[in-house]
Amino acid sequence: MLDTLLRIIALIRKELLAILKDPKSRISLIGPPVIQCLVFGYAATYDLNNVSYALLDHDRSAASRALISRLDGSGVFTRVATLDLDRQIAEFINDQRALLVITIPQDFQRGLEAGASPSVQVIADGRNSNTAGTAQGYVSQIVSGFAAEWQASHGRSGAPVLITTRAWYNPSLETRWYMIPALVGTITMMMTLMLTAMSVAREREEGTFDQLLVTPFRPSEIMVGKAIPAMMVGLVQATMILLVAQLWFRIPFSGSYGMLYLGLVLFLAASVGIGLFISSIAGTMQQAMIGSFVLLMPFMLLSGLTAPIGNMPQVLQYFTYINPLRYAISITQQVYLEGAGIAQLLPEMLALVAIAAATLPVAAWMFRNRLA
């Protein structure tokens with residue numbers, strides 16, 4: 001057992017030296033995460049085409065029903081629930097079952113008839129700041145237009161309906177509060193997947209793979225020795241992104257660092273399994289790099305980073321369940337913005353464990369067959 005551990009440590013040292021001995025390689029490990037963090041933090045924006053909302057109608061009048069019909073028929077909003085009590089609002093926002101909760105006050109129609117300014121409250125999930133802010137703007141336009149038309153059709157004039165909005169977890173609705181935590185998983189997966197995929201291919205091209213085969217290393221030890229350095233690099237890059245988020249962008253961290261790094265370790269284990277699979281079938285570094293990019297783009301597009309998963313076709317939504325990046329983004333955002341604990345994160349972590357349990361044995365089997 002001790003001999004096995006010493007051999008793995010020696011291989012880990014060898015891999016780290018191979019990664020860090022080249023100045024260009026060292027720069028590529030540090031520069032891209034910081035640059036991408038800054039670019040996404042300042043420049044990334046999103047469009048909106050679908051919004052899930054829950055309704056709490058205290059008035060239950062003809063005017064409130066007409067307003068609800070206007071919202072439901074807008075083509076932008078999808079009502080996922082009709083609430084009865086104020087205390088249900090927190091449940092739907094916290095569980096991310098609705099992006100917005102729209103509350104219509106009890107005196108809504110009377111206010112319109114009296115020419116007053118009844119207030120419609122919109123509570124948004126600020127964890128997705130850009131979407132929440134855009135959705136609030138849509139609600140304001142619909143409600144204002146409805147109020148003007150209703151008063152004109154009833155021969156009344158008066159002050160417009162007032163919209164009061166709140167955003168939970170991101171009061172200022174800053175896009176970078178949503179984007180930067182998501183980059184923790186995205187950027188680390190890019191580097192981890194490529195490093196792992198090219199590790200064996202590099203050995204083949206440099207002619208050191210045959211030398212590795214005549215050493216006392218077993219195939220499982222070689223796989224572990226190549227997986228751990230990539231995970232270590234991924235954790236270092238994740239830490240750098242966290243430092244940029246907190247020291248440069250001043251995004252407050254609400255959760256536990258231990259919980260965050262536990263999720264990242266599970267995510268990196270799942271990513272390493274995919275990278276080792278690519279490495280086992282790639283003959284050259286070019287093939288390994290192309291294979292990594294072929295998988296990275298779908299992973300990013302199906303992760304919820306660039307578009308809400310709920311907006312995707314149902315078939316594509318099924319594919320997101322086998323995407324480790326989807327769960328990594330969810331974990332980092334929940335821990336960072338919400339302060340989520342193990343009970344809330346358990347489904348995502350179990351999903352990552354399942355992906356790692358599926359990819360690592362397949363990669364090990366492929367690796368052993370290539371060595372045979």
Side-chain angles (χ1 to χ4, degrees), residues 33 36-37 40-41 44-46 48 51-52 90 92-100 123-135 167-190 234-235 237-246 248-268 270-271 299-312 317 320-321 323-352:
Q36 291 180 60
C37 235
F40 277 93
T45 58
Y46 297 100
L48 179 68
V51 177
S52 60
F92 274 79
I93 294 292
N94 290 343
D95 295 344
Q96 295 183 314
R97 284 188 275 171
L99 180 68
L100 303 176
I123 297 177
D125 184 350
R127 288 167 290 194
N128 192 340
S129 57
N130 185 73
T131 303
T134 305
W168 289 7
Y169 307 113
N170 186 358
S172 301
L173 289 176
E174 295 185 42
T175 302
R176 62 177 62 101
W177 282 37
Y178 161 79
M179 180 59 63
I180 301 300
L183 290 180
V184 173
T186 305
I187 296 177
T188 55
M189 183 177 195
M190 292 173 59
L235 290 175
Q237 289 192 327
T239 302
M240 291 171 55
I241 299 170
L242 288 173
L243 291 175
V244 172
Q246 295 182 51
W248 182 264
F249 290 111
R250 302 291 181 180
I251 303 174
F253 185 83
S254 302
S256 163
Y257 289 104
M259 193 61 57
L260 177 62
Y261 278 93
L262 174 61
L264 287 175
V265 168
L266 296 177
F267 164 64
L268 291 173
S271 301
F299 280 158
M300 294 179 65
L301 292 176
L302 297 177
S303 66
L305 174 68
T306 57
I309 292 176
N311 285 352
M312 300 176 187
Q317 292 186 37
T320 65
Y321 291 116
N323 181 6
L325 186 56
R326 166 186 175 159
Y327 304 107
I329 290 176
S330 176
I331 288 172
T332 53
Q333 289 181 336
Q334 288 186 73
V335 173
Y336 203 109
L337 299 177
E338 304 174 41
I342 186 64
Q344 188 173 341
L345 299 175
L346 191 59
E348 285 86 355
M349 290 188 174
L350 289 178
L352 289 174

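Since this is a predicted model, take the numbers as computed values, not measurements.
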Could you tell me which residues satisfy salt bridge (Lys or Arg N to Asp or Glu O under 4.0 Å) with Glu348, sequence neighbours excluded, listed by chain and number?
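In terms of salt bridge (Lys or Arg N to Asp or Glu O under 4.0 Å), with neighbours along the sequence ignored, Glu348 is linked to no residue.
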
Find out whether [X] and [Y] are in side-chain contact, i.e. whether some heavy atom of one side chain is under 4.5 Å from a heavy atom of the other.
| X | Y | result |
| --- | --- | --- |
| Ile309 | Arg326 | yes |
| Leu337 | Asn170 | no |
| Leu242 | Val184 | yes |
| Thr186 | Phe299 | no |
| Leu262 | Tyr257 | no |

Can you see which heavy atom on [X] is nearest to which on [Y], and at what distance?
| X | Y | answer |
| --- | --- | --- |
| Ile331 | Leu345 | CA-CD2, 4.1 Å |
| Met312 | Thr320 | SD-CG2, 4.2 Å |
| Ala124 | Leu100 | CB-CD2, 3.4 Å |
| Leu305 | Ala182 | CD1-CB, 3.6 Å |
| Leu183 | Ile241 | O-CD1, 3.5 Å |
| Asp125 | Ala132 | O-CB, 3.5 Å |

Please check: side-chain N/O of [X] versus main-chain N/O of [Y], any donor-acceptor pairing under 3.5 Å?
| X | Y | value |
| --- | --- | --- |
| Gln333 | Tyr178 | yes |
| Ser303 | Met300 | yes |
| Thr332 | Ala328 | yes |
| Ser52 | Leu99 | yes |

Taking it one step at a time, do Ile342 and Met349 satisfy side-chain contact (heavy atoms from CB on, under 4.5 Å)?
CA-CA 9 Å; Ile342 186 64; Met349 290 188 174; 3.7 Å; yes

Among side-chain atoms of Gln334 and Gln96, is any donor-acceptor pair under 3.5 angstrom?
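On atom types as modelled, these side chains do not qualify, holding no pair under 3.5 Å.
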
Apply the test side-chain hydrogen bond (donor to acceptor under 3.5 Å, both in side chains) to residues Thr239 and Tyr261: give CA-CA distance (whole Å), side-chain angles for both, the deciding distance (0.1 Å), then the verdict.
CA-CA 9 Å; Thr239 302; Tyr261 278 93; 2.6 Å; yes

By ring pair (Phe, Tyr, Trp, His ring centres under 6.0 Å), which residues pair with Tyr336, not counting sequence neighbours?
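Only Phe253 meet the ring pair (Phe, Tyr, Trp, His ring centres under 6.0 Å) criterion with Tyr336.
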
Quick check with a 6.0 Å cut-off and a 45 degree axis cone: is Arg97 positioned over the face of Phe92's six-membered ring?
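Yes, cation above the ring, under 6.0 Å and within 45°.
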
How many angstroms lie between CD in Gln237 and CG in Leu264, if you round to the nearest 0.5 Å?
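Between Gln237 CD and Leu264 CG, I get 12.0 Å after rounding to 0.5 Å.
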
